[in-house]
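Written below as structure tokens is the structure these notes are about.
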Amino acid sequence: MRLDVDIARKTFINAAGERTDVLSGINFVLATGEVGVFIGPSGCGKSTMLRILTGLDHDFQGQVSRPADARIGMVFQEPRLLPWRSVEDNVRLAAPQAGAARLSQLFAALELNGHRNHFPHELSLGLARRVALARAFAVEPDILILDEPLASLDATLAANLRDQIAALVDNRSVTTMLVTHDIDDAVRLGDRLFFLSPRPAQILATVPILTPRAARSEADLNRIKADLARLNVVNV
Amino acid sequence: MLRLLSFVVFLASWWIASLVVGDAKLPAPPAVLAAAVAEARSGALFFNLGVTLARVALAFTLAMTLGAAIGYLMGRVRLADRLGDPWLILLLNLPALVVIVLAYIWAGLTEAAAIAAIAINKLPTAVVTLREGTRALDPALEEMAAIFAVPRSRAFRHVILPQLAPYIAAAARSGLSLVWKIVLVAELLGRPNGVGFEIGVAFQLFDIPLLLAYSLTFAAVVLVIETVLVQPLEARLFRWRPHAA
Ligand SMILES: Nc1ncnc2c1ncn2[C@@H]1O[C@H](COP(=O)(O)OP(=O)(O)OP(=O)(O)O)[C@@H](O)[C@H]1O
Ligand SMILES: [Mg+2]
């Protein structure tokens, strides 16, 4: 599913009536199955951009086009689980069509098996994030949107989940947008990296990574990171 | 155990008070019990309690459904809120007695008038509570439901309703206690049966044991309904909440 984004301007008017520009000039196209990674300083407008892309926010200048029937899976910056439903019911609500086998496989892969019947307040933040990931995966999305999904997870688990995301994206050719502050995640997962300026955000640099995800060796990754450091855009 | 103790204390102080002020003003527990038993034997006690309970159930259901719907609408739609607000303030401040008397005048001394009058008394508090609940709905969760394309009816049931549940429970609780009080007045003024009517009769005849027999059995029924029905229902509804260990 192709995603065509052209946001000229997004302005917030706060309670005092002051206008703040949050986005100014975000242009990019993601092809089917492509992973775009967005890296930018805190508060620059990344979450705001994602809200516009998903159609939650229509109040902006510009245009976003995505197929109307695209199924979206999203991991919000905070888990956004229903406190009054169990882990399993939270996932089922978003993905009623997911079969028992698929759910079991997902819960096993995300190491959530022992928590299926727990309520969200009984989970740590890291666990809640994994449930949010399970929910986004369970809908078998055409477009996957991940707002810092690996924050607050330990390194081993983060690496494990990163591999899960890569597997999902490559198996089903999911068009993906990932917001992260972690350069390592970015170069391991991304097909193209977008570096954003401080607020109002605009795209400062676009860096494609040509080696396929699965084929990137540690040496490749280090070389890419070194290139990025030379570009001097990594100021996050 | 504690409840039993407080009941015993209640009985004892009643008995002592009746000894102090005299049987004519405050009959002792056995006299009231005898009056209650006599009414129960003739079947009048159960009939009147049943009639009153039916009125409570009808008026309560009517006011809750209508109040919840109006409150939700007013919480969601700005225009509905602006239009409904003056009426709400009027109804909130209208004395129950005025509503009941007017209802009987305009709709006659009918069952419908009585139930409508009781319901109208409860309605505004239900509206206000549900409007508050609707305003407090978490937009983040609705966004989540929108992104995952959860159908409206499912989203209402799983995302909206659980957030409104505490407000519905609060409205039901305060509403029920209001209805318990008002139903007797409505019966006293314009119905030929029910606990309120019987209390009115007992008052006119100055039959204090009968008056107390009806009042206390009614209070007992209210207590039982609150503890056996309302409280367990609330506990079940809020099962998911973190428990203070
Ligand atoms: N509803 C709103 N009204 C006014 N200003 C807002 C609103 N939402 C966000 N902002 C402002 O817009 C800017 C961008 O917010 P956003 O959440 O998109 O940042 P972000 O890039 O996701 O940051 P982070 O990396 O910390 O998550 C912030 O300065 C924020 O204060
Ligand atoms: Mg953000």
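Computed from a prediction, not measured in an experiment: that's the story for all the values here. What you see below is based on every heavy atom in this structure, not just the backbone, and it leaves out hydrogens, waters and symmetry mates.
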Subject >> Top of A:W84, A:F119, A:F76 for chain B proximity - count of heavy-atom pairs under 4.5 angstrom >> reply: A:W84
Original post:
What distance separates B:I147 CD1 from A:R51 CZ, expressed to the nearest 0.5 Å?
Top reply: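 B:I147 atom CD1 to A:R51 atom CZ measures 8.5 Å (nearest 0.5 Å).
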**OP:** Could you tell me the separation between the CD atom of B:E143 and the CE atom of A:M74, rounded to the nearest 0.5 Å?
**Re:**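 Rounded to the nearest 0.5 Å, the CD-CE separation comes to 8.5 Å.
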By a 4.5 Å heavy-atom criterion (distance strictly below it), what part of [X] contacts chain B: side chain, backbone, both, or neither?
{"X": "A:R85", "value": "side chain"}
{"X": "A:I72", "value": "both"}
{"X": "A:R135", "value": "both"}
{"X": "A:I145", "value": "neither"}

Original post:
Is chain A contacted by the side chain of B:V150, its backbone, both, or neither, given a heavy-atom distance below 4.5 Å?
Top reply: side chain
Subject >> B:A140 portion near chain A, given a 4.5 angstrom heavy-atom threshold >> reply: both
Subject >> Distance-minimising heavy-atom pair for A:A136 and B:F148 >> reply: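 Heavy atoms only, the tightest pair is CA-CE2, 4.0 Å.
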**OP:** Flag the one option from B:H158, B:R154, B:M144 with the top tally of heavy-atom pairs under 4.5 Å to chain A.
**Re:** B:H158
Original post:
CD of A:Q97: more than 12 outside heavy atoms within 6.0 angstrom?
Top reply: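 More than 12 within 6.0 Å, yes.
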Original post:
Should we say atom CZ of A:R102 is surrounded by more than 12 heavy atoms from elsewhere, each under 6.0 Å from it?
Top reply: yes
Original post:
Under a 4.5 Å cut-off applied to non-hydrogen side-chain atoms, are B:L141 and A:L81 in contact?
Top reply: no
